[in-house]
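What you are looking at is a predicted structure, and each value in this text was computed from that prediction instead of being measured. The first residue in the sequence is number 1, and the count goes up from there.
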Amino acid sequence: MTIKVGDKLPTTMFTKATDHGPEAVDSDSYFKGRKVALFSVPGAFTPTCSAKHLPGYLEQAAALKAKGVDEIACTAVNDAFVLGAWSKMNNAGDTVTMLGDGNAAFAEAVGLTMDGSKFGMGTRGQRFSMVVDDGIVTQLNVEAPGEFKVSSAEHMLEQL
């Protein structure tokens with residue numbers, strides 16, 4: 001079943017690259033007590049994700065924070081090392097936290113997987129964005145296959 005506005009995020013684990021190696025991130029702890037703008041990309045280094053999705057959130061970070069967002073996070077069905085390299089390549093630093101969902105546990109738990117097999121990518125997370133306030137989904141924007149509109153930082157800003 002797909003998550004919807006008003007639902008509590010399911011408990012899952014992410015992995016984050018750090019200077020000391022991979023770090024496990026418990027979703028309950030991560031989202032507790034703050035407002036997080038979370039966006040999901042089918043994969044780091046993929047064309048739309050690299051050219052539009054991540055750059056949009058980097059460019060709009062200050063505006064999102066001015067609207068009450070405490071943190072901006074990106075998730076993908078990639079390992080923490082790949083997301084860490086993508087973050088460095090894009091100078092994301094502390095602006096966007098990269099949360100690896102290497103086994104698609106989060107994407108499956110929220111019901112937002114896609115089959116990228118015809119592109120050699122296997123199971124991936126769909127392109128989407130959500131605002132999570134203290135663990136509760138308050139906005140959810142899921143893209144139609146092949147599109148990039150409603151999960152953009154600009155669209156999220158219009159909603160806040």
Side-chain angles (χ1 to χ4, degrees), residues 1-17 24-44 46 48-80 82-83 86-87 90 92 94-116 121 123-160:
M1 187 162 97
T2 303
I3 198 158
K4 60 188 180 312
V5 171
D7 288 349
K8 181 184 183 312
L9 280 184
T11 301
T12 59
M13 295 298 288
F14 295 103
T15 307
K16 180 171 73 169
V25 177
D26 169 66
S27 62
D28 289 340
S29 299
Y30 182 80
F31 292 100
K32 185 176 182 163
R34 58 196 184 138
K35 185 183 283 191
V36 179
L38 176 70
F39 66 103
S40 170
V41 297
T46 57
T48 301
C49 305
S50 292
K52 297 179 183 177
H53 216 165
L54 177 57
Y57 279 90
L58 291 170
E59 291 167 9
Q60 298 298 332
L64 286 164
K65 291 191 175 191
K67 296 262 188 170
V69 169
D70 297 306
E71 185 158 357
I72 301 166
C74 175
T75 187
V77 180
N78 289 123
D79 62 67
V82 169
L83 286 174
W86 193 45
S87 177
N90 287 281
D94 293 332
T95 305
V96 174
T97 301
M98 299 291 175
L99 299 173
D101 185 24
N103 295 321
F106 177 75
E108 288 175 358
V110 296
L112 292 169
T113 60
M114 61 171 256
D115 182 1
M121 297 170 67
T123 299
R124 295 293 176 125
Q126 291 182 41
R127 186 180 306 283
F128 65 86
S129 70
M130 62 174 67
V131 174
V132 182
D133 196 347
D134 195 23
I136 305 297
V137 177
T138 59
Q139 288 181 29
L140 177 62
N141 305 294
V142 181
E143 295 287 0
E147 290 194 1
F148 175 68
K149 296 176 185 171
V150 298
S151 65
S152 71
E154 294 77 13
H155 183 78
M156 185 178 280
L157 270 171
E158 292 171 6
Q159 294 180 312
L160 290 172

Flag the pair [X] / [Y] as yes when at least one side-chain heavy-atom distance between them is below 4.5 Å, and no otherwise.
{"X": "Trp86", "Y": "Leu54", "answer": "yes"}
{"X": "Leu157", "Y": "Leu64", "answer": "yes"}
{"X": "Leu160", "Y": "Gln139", "answer": "yes"}
{"X": "Val36", "Y": "Val131", "answer": "no"}
{"X": "Thr11", "Y": "Asp26", "answer": "yes"}
{"X": "Ile3", "Y": "Leu140", "answer": "yes"}
{"X": "Thr15", "Y": "Val25", "answer": "no"}

State, to 0.1 Å, how close [X] and [Y] come at their nearest heavy-atom pair, and which atoms those are.
{"X": "Ala107", "Y": "Gly125", "result": "CB-CA, 3.8 Å"}
{"X": "Ser129", "Y": "Val150", "result": "OG-O, 3.7 Å"}
{"X": "Met130", "Y": "Met156", "result": "O-CE, 3.6 Å"}
{"X": "Gly56", "Y": "Ala153", "result": "O-CB, 3.5 Å"}
{"X": "Ile72", "Y": "Thr95", "result": "CB-O, 3.8 Å"}
{"X": "Val77", "Y": "Gly102", "result": "CG1-O, 3.7 Å"}

Distance, nearest 0.5 Å, that separates [atom1] of [X] from [atom2] of [Y]:
{"X": "Phe148", "Y": "His155", "atom1": "CZ", "atom2": "NE2", "result": "11.0 Å"}
{"X": "Cys74", "Y": "Asp101", "atom1": "SG", "atom2": "CG", "result": "11.0 Å"}
{"X": "Arg34", "Y": "Asp133", "atom1": "CZ", "atom2": "CG", "result": "11.5 Å"}
{"X": "Leu9", "Y": "Phe106", "atom1": "CG", "atom2": "CZ", "result": "5.0 Å"}
{"X": "Ser27", "Y": "Phe14", "atom1": "OG", "atom2": "CZ", "result": "6.0 Å"}
{"X": "Thr2", "Y": "Gln126", "atom1": "OG1", "atom2": "CD", "result": "7.0 Å"}

If you apply the rule side chain to side chain contact (heavy atoms under 4.5 Å, CB included), what do you find for Val96 with Leu58, and how did you get there?
CA-CA 7 Å; Val96 174; Leu58 291 170; 3.7 Å; yes
Could you please spell out the steps behind the side chain to side chain contact (heavy atoms under 4.5 Å, CB included) verdict for Val137 and Lys4?
CA-CA 7 Å; Val137 177; Lys4 60 188 180 312; over 6 Å; no
Is the NZ atom of Lys65 crowded by more than 12 outside heavy atoms at less than 6.0 Å?
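Result for NZ/Lys65: enclosed.
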Decide if atom CG of Asn103 counts as having more than 12 heavy atoms of other residues, nucleotides or ligands within a radius under 6.0 Å.
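Count not over threshold, so no.
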May I ask you to decide whether Lys8 forms a salt bridge with Asp28, counting only side-chain N to carboxylate O separations under 4.0 Å?
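Yes.
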Salt bridge check: are Glu143 and Lys149 linked by an N-O gap of less than 4.0 Å?
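Salt bridge flag = no for Lys149 with Glu143.
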Taking side chain to side chain contact (heavy atoms under 4.5 Å, CB included) as the criterion, tell me which of Leu38, Thr97, Thr12 meets it with Tyr30.
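Answer after filtering Leu38, Thr97, Thr12: Thr97.
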Flag, side chain of Thr75 to backbone of Leu99, donor-acceptor distance under 3.5 Å
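Yes, Thr75 side chain to Leu99 backbone: donor-acceptor pair under 3.5 Å.
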Could you check whether any side-chain N or O of Asn90 sits under 3.5 Å from a backbone N or O of Ser87, counting only pairs where one atom can act as donor and the other as acceptor?
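No, the answer is negative, given that no donor and acceptor are paired below the 3.5 Å cut-off.
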Please report the C-alpha distance between Val142 and Arg127 in whole Å, then the side-chain angles of each, then the deciding distance to 0.1 Å, and finally whether the side chain to side chain contact (heavy atoms under 4.5 Å, CB included) criterion is met.
CA-CA 6 Å; Val142 181; Arg127 186 180 306 283; over 6 Å; no
Determine whether Val41 and Thr46 satisfy the following criterion, side chain to side chain contact (heavy atoms under 4.5 Å, CB included), listing intermediate values before the conclusion.
CA-CA 9 Å; Val41 297; Thr46 57; 5.6 Å; no
Any side-chain donor-acceptor pair under 3.5 Å between Ser151 and His53?
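Looking only at side-chain atoms, His53 and Ser151 do form a donor-acceptor pair, the distance falling under 3.5 Å.
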Are the ring centres of Phe39 and Phe128 closer than 6.0 Å?
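Between Phe128 and Phe39, which both carry aromatic rings, the centre distance is not below 6.0 Å.
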